[in-house]
Amino acid sequence: MLKTHSCGELTAEEADKDVVLTGWVDSLRVQGKIAFLILRDREGITQCFLNPNLTNEFKDLSKESVVLVAGKVKNRPENQIRRELTTGEIELGVDKIEILSRAETPLPIEIEEETTTHLDKRLDFRFLDVRRNRIKSIFKVRAKIYQYSVEFFTQEGFINIQTPKLTQSGVESGAEEFKLDYFGKPASLSQSPQVYKQMMVASGLEKVFEIGPVFRAEKSHTTRHLTEFTGVDFEMGFVKDEHDVMDVVEKYIKFVLEKVKRECKEELKMLDIKLKVPKEIPRLEMSEVKKLLAEKGKEIPADDDLDPEGEKMISKIVEEKYGSELLFVINFPWSVRPFYHMRPKGIVTGTKSFDLIYRGVELSTGAQREHRLEMLDKQAKEKGINLKEMTFYRDIFRFGCPPHGGAGLGLDRITEQLLGLKNIREAILLPRDVERLTP
Ligand code: AMO
């Protein structure tokens, strides 16, 4: 490696040692013959002062240039310790600077922690935006959420699978597909691993999960929709009912919250976030939710879905009533759910389904699935779908398929809500939406 240490590592213990650091020029201040260079890398910030014979040559070094500096670590006197710097106890007396890459000026966006640059512009230059520590923190936490998700499902006995993203067609009737030409045949980008996760339960793998890209040609200009997002999907066999599935979702989200709270303290501090882990997540019937909303003046017809305003309102009501920022809404009307959701015995207007809502935004949808072929054929027909044309989906239920259920969550939405971000685009490095296909 070019360097001996990172900028976050040096302490008084390294005093008098010769070290080499690399990083970006956060700032350069020249005072007479002395120049102070604040050097930044992923791990922190170190103050360096240049040997006076270097000052003249490097006094015009532009901000954000990438440099290598070599020199001796010096202890700072007790009354000069700079607590705001990661390595405030020491500074580096630099004898040698090498410019590895000079940054052009002016920079296209501000890189200060507090910036007024518009999100769109920041996303155009996302790699510069990520140089801000606040933004780095978001993606460090996101990476942890991903890691905890793999850890959770693996330890719960789920098998990690990867399913095709190039598909013939999906089963998410509500979600639009991106069409493409597959060697002359019509195809589409996967809008959910739904078909395959059910198929793999029937394959005998019994419990599977997948964390992967999901594509939706949704023309929604909202703060919570992307056209490409990362889905956290799971499916499990031999469930008694949808509550078995909800138990897994509940255990998962508490696991993630608990771990982030415990292991990402520095990032949460930087983002000014206090996390609450609920003891139990309330499960409210949709009819009960609609009653509570009606009491607050919002009427939603029995056959309709919750709208975003309704989700926000019910979240608030539940937080006041039960002290939980999370809630399950259960038993959605059949009219707003896909054909593959099971209906409760003898009730054709309901479904054995649920949504998980966190701080006013839907994080997950799940259900017990209909695994009895004759019922599935009937339900598909009611929704105007000809299941006979979806041979390979129908086949899943022909040769021994356990009762099963599962759910899908969005990694981007989990990150957005957990970190209190105002827009889902803040939670993904390079968002794709109706307007954006670059960088
Ligand atoms: P659904 O369509 O509700 O369900 O998607 C599951 C979860 O994925 C996230 N999500 C999105 N995130 C960002 N941008 C979008 N456009 C977007 N659409 C959905 C949400 C949502 O809760 N097959 C079912 C899941 C199942 O039943 O297992 C499905 O795809 O967090």
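- For residues 407-426, the set of pairs meeting the ring pair (Phe, Tyr, Trp, His ring centres under 6.0 Å) definition, not counting sequence neighbours, is empty.
- In terms of the salt bridge (charged side-chain N to carboxylate O under 4.0 Å, His left out) criterion, residue partners of E151 (sequence neighbours excluded) are, by chain and number, K259.
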* **Full working for side-chain contact (heavy atoms from CB on, under 4.5 Å) between T22 and D41** => CA-CA 7 Å; T22 51; D41 71 7; 5.5 Å; no
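- Inter-residue side-chain proximity for L275 and L418 is flagged as met; some heavy-atom pair is nearer than 4.5 Å.
- With a 6.0 Å radius and a threshold of 12 heavy atoms from other residues, nucleotides or ligands, W334 has its CH2 atom above the threshold.
- Salt bridge annotation for E295-K291: absent, with no cationic side-chain nitrogen under 4.0 angstrom from a carboxylate oxygen.
- The minimum heavy-atom distance between S353 and R337, with the atom names listed, is OG-NE, 3.2 Å.
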* To do: Would you check, one step at a time, whether the test side-chain contact (heavy atoms from CB on, under 4.5 Å) holds for V201 with H371?
  => CA-CA 11 Å; V201 168; H371 66 284; over 6 Å; no
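- Side chains of Q368 and V245 form no contact here, defined as non-hydrogen atoms less than 4.5 Å apart.
- Side chains of Y148 and L257 form no contact here, defined as non-hydrogen atoms less than 4.5 Å apart.
- Every residue two or more places apart in sequence or in another chain that forms a side chain to side chain contact (heavy atoms under 4.5 Å, CB included) with V348 is listed here: R343.
- In summary, the side chains of E362 and T365 do present a donor paired with an acceptor at a separation below 3.5 Å, with no hydrogens or angles considered.
- Across all non-hydrogen atoms, the minimal contact from S190 to P164 is CB-O, 3.8 Å.
- Checked against a 6.0 Å centroid threshold, the rings of F152 and F255 count as neighbours.
- Here R224 pairs with E311 in a salt bridge; the nearest charged N to carboxylate O distance falls below 4.0 Å.
- More than 12 heavy-atom neighbours from other residues, nucleotides or ligands sit within 6.0 angstrom of CD on Q155.
- Atom CZ in R102 sits 6.0 Å away from atom OG in S65 (nearest 0.5 Å).
- Residues E110 and T116 meet the side-chain proximity criterion, which asks for heavy atoms closer than 4.5 Å.
- The aromatic rings of F397 and H404 sit parallel to each other, their planes meeting at less than 30°, with 60° as the upper class boundary.
- Closest approach of D26 to K63, counting heavy atoms only: O-NZ, 3.2 Å.
- Between R425 and D120 there is no salt bridge, since no side-chain nitrogen of the basic residue lies less than 4.0 Å from a carboxylate oxygen of the acidic one.
- Nearest approach of R134 to L421, heavy atoms of both residues: NH2-CD2, 4.3 Å.
- Here the closest non-hydrogen pair linking L21 and S6 is CD2-O, 3.9 Å.
- Here CG of L28 is found 9.5 Å from OG of S62. Values are rounded to the nearest 0.5 Å.
- A donor and an acceptor atom, one from each side chain of H341 and E242, are nowhere located under 3.5 Å apart.
- Taking the six-membered ring for Trp and thresholds of 30 and 60 degrees, F339 and Y393 have ring planes more than 60 degrees apart, a perpendicular arrangement.
- Taking K298 as the reference, L293, I300, D307, E309, M313 meet the side chain to side chain contact (heavy atoms under 4.5 Å, CB included) condition, with sequence neighbours excluded.
- Using modelled atom types and a 3.5 Å distance limit, the side chains of T222 and S220 yield no donor-acceptor pair.
- Neither side chain, Y196 nor E210, offers a donor N or O lying under 3.5 Å from an acceptor on the other.
- Between V336 and D303 the shortest heavy-atom distance is CG1-O, 3.4 Å.
- Counting only N and O atoms by type, the side chains of S188 and E177 include a donor and acceptor under 3.5 Å apart.
- Using a cutoff of 4.0 Å between basic side-chain nitrogens and carboxylate oxygens, R369 and E235 are scored as salt-bridged.
- Taking the centre and axis of the six-membered ring of F328, the NZ or CZ atom of R283 falls inside the cone set by 45° and 6.0 Å.
- Atom CZ of residue R142 and atom CD of residue E267 lie 15.5 Å apart, to the nearest 0.5 angstrom.
- In this structure, the side chain to side chain contact (heavy atoms under 4.5 Å, CB included) partners of V130, at least two apart in sequence or on a different chain, are R126, I135, K136, L429.
- No salt bridge links K378 with E370; every basic N to acidic carboxylate O contact stays at or beyond 4.0 Å.
- Partners of T227 according to the side-chain hydrogen bond (donor to acceptor under 3.5 Å, both in side chains) rule, which considers only residues two or more places apart in sequence or in another chain, do not exist here.
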